[in-house]
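One structure below.
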Number of protein chains: 2
Amino acid sequence: MAKQLNIGTVEKMARERGLKMTPQRRAIIEYLQNAREHPTTEEVFMAVNRDFPMTSRATVYNTVNWLRDAGMLQEIYEAGAVRLDPNFDRHHHFICNKCGRVEDIGFELISDLGICSLPESQTIESFEIVLRGTCKKCRTQAG
Amino acid sequence: MAKQLNIGTVEKMARERGLKMTPQRRAIIEYLQNAREHPTTEEVFMAVNRDFPMTSRATVYNTVNWLRDAGMLQEIYEAGAVRLDPNFDRHHHFICNKCGRVEDIGFELISDLGICSLPESQTIESFEIVLRGTCKKCRTQAG
DNA sequence: TTGATTGCAAACGGTTTGCATGGGA
DNA sequence: TCCCATGCAAACCGTTTGCAATCAA
């Protein structure tokens, strides 16, 4: 099972650290745990306020940073703004050159990364593969 | 030989497109073609002005965007600001988790990327591997 | 000569901060 | 009750834009 942002785990973590669960935080986490589109913080802000007014931008940023620092949210740096990924299991990314959509690629789908002759000047702790190309939607639209 | 930002190539490209070479552009390109540290635009601005006052921030951004659009400069999106990479040959990146330093990894040093079972919903045009860990400097300092 | 490029300053968009009010444990 | 969290607005920082003056071709 993939490690995925989950409100139960967040509540446990909050209790352990003496932090509080508020309706705003719950709404943000509930939106993020189902988000498949790697939303920006602005998109989270708008979506949450559609369902649960009023949550301020500052609260969205606070909550997102809190989750990120706790390792429960991955940030993807793209042009313009940071995108959020509730999947914190090891995985890779596909970025569409046309529309900018970011898709998760399961870690197990790419195998045999042969690091054959890296000079030993760095200690490698993790790696991620960023694939770029055209997504299904753009490919069928462009013909 | 790696494809590397080079003032001769830029001059040729400028001539072909009817664009002008100015002292400011020359200074920016000369700095970038020797830069090994993946500078931010702000760092380019400061370095160029140390040697060649006065070049405005706007000019640095214009020139960088022009080179990027011509495919002669790669941008690396990291937290905070975009970093610039005069190496536009295929290569991978190593990012230090401690100091944030970005190092180039030769494309040929990592082989055998086995894409074994990608669903065929995307067309892959390129890929880049982002390695994360501790760089030599931070490793020896931290002991 | 002439249109691309420059410097400047203001605008812009994403993110952070300070502070008084409000609310969860 | 006691802090933590909230909303708001201003600040911040990287980047873009508008404009008049300038300069490479």
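Throughout, a chain's letter reflects where its sequence line sits, starting with A, and its residues are numbered from 1.
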At under 4.0 Å between heavy atoms, what does A/T40 touch on the DNA or RNA strands: base, sugar-phosphate, or nothing? nothing

Side-chain heavy atoms of B/M21 within contact of B/I29, under 4.5 Å: yes

Atom CH2 of A/W66 to atom C1' of D/dT6: distance rounded to whole Å? 14 Å

Would the B/Y31 and B/F45 ring centres measure less than 6.0 Å apart? no

Regarding B/R139 and A/E125, does a basic nitrogen lie under 4.0 Å from an acidic carboxylate oxygen? no

Atom-to-atom span, CG of A/L19 to C1' of D/dT6 - whole angstrom: 15 Å

Looking only at the side chain of A/A58 (C-beta and beyond, no hydrogens), which of the listed nucleotides D/dT15, D/dC8, D/dA24 gets closest? D/dC8

Tell me if a side-chain donor or acceptor on A/N49 pairs with a main-chain N or O of A/T55 at a distance below 3.5 Å. yes

At the 4.0 Å heavy-atom cut-off to chain B, mark where contacts on DNA chain C begin and end, going 5' to 3'. C/dG3 to C/dC8

B/E42 and B/R57: salt bridge (Lys or Arg N to Asp or Glu O under 4.0 Å), yes or no, with the steps? CA-CA 8 Å; B/E42 183 64 21; B/R57 247 172 273 265; 2.6 Å; yes

Round to the nearest Å and state the distance from A/Q24 atom CD to D/dT6 atom C1'. 6 Å

Closest to the 5' end of DNA chain C, once A/K20 and B/K20 are matched to their nearest nucleotides, is B/K20

Gap between atoms CG and C1', on A/N65 and D/dT6 respectively (whole Å): 15 Å

Regarding A/R90 and A/E128, does a basic nitrogen lie under 4.0 Å from an acidic carboxylate oxygen? no

In whole Å, I'd like the distance from the CE atom of B/M21 to the P atom of D/dT22. 22 Å

With B/R17 as the cation and B/W66 as the aromatic partner, state whether NZ or CZ is under 6.0 Å from the six-membered ring centre and within 45° of the axis. no

Salt bridge or not between B/R26 and B/E30? Use side-chain N to carboxylate O under 4.0 Å. no

For the helix from C/dT1-D/dA25 to C/dA25-D/dT1, measure the angle between the helix axis at one end and the axis at the other, each built from five pairs, rounding to 10°. 40°

DNA chain D nearest-nucleotide lookup for B/R26 and B/T41: closer to the 5′ end is B/T41

D/dT6, OP1 or OP2 - any side-chain N/O from A/R25 closer than 4.0 Å? yes

So among A/E37, A/H93, A/E43, which one has a side-chain contact (heavy atoms from CB on, under 4.5 Å) with A/R83? A/E43

Between D/dG7 atom C1' and A/I28 atom CD1, what is the distance in whole Å? 13 Å

Separation of atom OH in B/Y61 from atom P in D/dG18, rounded to whole Å: 17 Å

Atom CG of B/N62 and atom P of D/dT15: how far apart are they, to the nearest Å? 13 Å

